[in-house]
Amino acid sequence: MKKLLHIIATPREDESRTLKVTKGFLEVFQAKHPEFVIDELNLVKEALPDLTMKRVDGKYVLLGGKDLFGELKDAWAEIIQHIERFKGSDMFLISTPMWNYTIPYMLKKYIDIILQPRYLFRYTPTGVEGLVNNKKMIVLTSRGGEYLSEAGRKLDFQEPYLRAIFGLCGITDITFVNAQPMDMGKENQETNLQKAIEQAKLLAAKL
Ligand SMILES: Cc1cc2nc3c(=O)[nH]c(=O)nc-3n(C[C@H](O)[C@H](O)[C@H](O)COP(=O)(O)O)c2cc1C
């Protein structure tokens with residue numbers, strides 16, 4: 001069996017527009033790929049470890065080119081579990097709304113936890129090298145506003161950020177479906193949501 005890690009970063013459950021797009025995607029994806037199990041990581045429901053002083057100390061040990069030892073290793077147990085869950089996945093699906101032009105804080109916290117040197121990337125004399133290679137990522141988002149125009153694109157810190165940060169660990173095959181605008185009138189909300197659901201289904205059919 002292969003594993004699709006589904007990372008959820010909205011608290012809105014059945015009300016979530018993002019998760020409506022996700023539902024369309026998964027319906028088609030699961031019918032086409034029964035060999036995949038879905039590992040759902042709900043960042044709202046799951047308590048993520050805080051980056052305490054000791055845990056951050058561990059990061060500097062790794063940045064110094066050494067392995068974790070002693071109590072730092074114990075302090076990192078939960079972080080390592082999250083890293084292994086991520087690295088043990090064959091494909092990634094992120095369901096996230098736009099919050100304040102970028103990602104919600106729980107997704108940022110997850111990224112701060114898993115993006116660790118020697119695990120997801122490493123520094124070499126010629127630059128940064130990603131350690132998660134040849135894996136696809138699908139990002140399904142919804143936004144209250146519209147970020148397709150030239151002016152809008154300048155304010156979209158969500159898509160470029162996610163491409164940059166996951167690109168750092170070697171994930172460069174990333175496809176976005178963005179439902180937008182969602183909060184600029186009831187009528188076009190429904191049309192735009194349906195459009196994104198169709199786009200997500202088409203994408204799933206091509207995978
Ligand atoms: C805390 C918060 C911040 C938001 N910030 C933005 C924003 O910067 N730009 C935007 O277009 N929409 C913003 N929105 C609106 C959501 O992106 C939009 O309603 C989205 O469809 C919600 O997705 P969901 O239903 O899956 O949670 C914000 C919503 C919340 C709750």
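From a predicted model like this one, the values you see are computed outputs, not experimental measurements. Side chains included, hydrogens not; waters and symmetry mates left out as well; all remaining heavy atoms used. Position 1 is the first residue of the sequence; numbering continues from there.
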Quiz prompt | side chain to side chain contact (heavy atoms under 4.5 Å, CB included) between M98 and T141, intermediate numbers included | solution = CA-CA 7 Å; M98 177 184 275; T141 86; 6.0 Å; no
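- A salt bridge does not link E40 with K45: none of the charged nitrogens is closer than 4.0 Å to a carboxylate oxygen.
- No side-chain heavy atom of V44 sits under 4.5 Å from any side-chain heavy atom of I8.
- Distance alone, capped at 3.5 Å, is enough to place a donor-acceptor pair between the D90 side chain and the K3 backbone.
- The side-chain heavy atoms of D173 and K135, taken from C-beta on, include no pair separated by under 4.5 Å.
- H6 is listed as a side-chain neighbour of L26, based on a closest heavy-atom distance under 4.5 Å.
- One finds no salt bridge joining E35 and K2 here, because no Lys/Arg side-chain nitrogen approaches an Asp/Glu carboxylate oxygen to under 4.0 Å.
- Contact check for V61 versus F69: side-chain heavy atoms found under the 4.5 Å cut-off.
- The closest side-chain heavy-atom distance from K59 to L63 is below 4.5 Å.
- Annotation: side chain of Q158 is not in contact with side chain of Y147 (no heavy-atom distance under 4.5 Å).
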Self-check item: Derivation and outcome, ring-ring contact (aromatic ring centres under 6.0 Å, His included), residues Y161 and F157
Solution: CA-CA 6 Å; Y161 173 69; F157 294 92; 9.8 Å; no
Self-check item: Residue pair T22, S95: steps toward the side-chain hydrogen bond (donor to acceptor under 3.5 Å, both in side chains) verdict
Solution: CA-CA 7 Å; T22 304; S95 299; 2.7 Å; yes
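- The pair K186-E190 fails the salt-bridge criterion, with no side-chain N (NZ, NE, NH1 or NH2) lying under 4.0 Å from an Asp/Glu carboxylate O.
- Residues L162 and F176 form a side-chain contact, since some pair of their non-hydrogen atoms from C-beta on lies under 4.5 Å apart.
- Contact detail for I171 and M137: the closest heavy-atom pair is CG2-CB, 3.8 Å.
- Using a 4.0 Å cut-off between a side-chain N of Lys or Arg and a carboxylate O of Asp or Glu, D183 and R143 do not qualify as a salt bridge.
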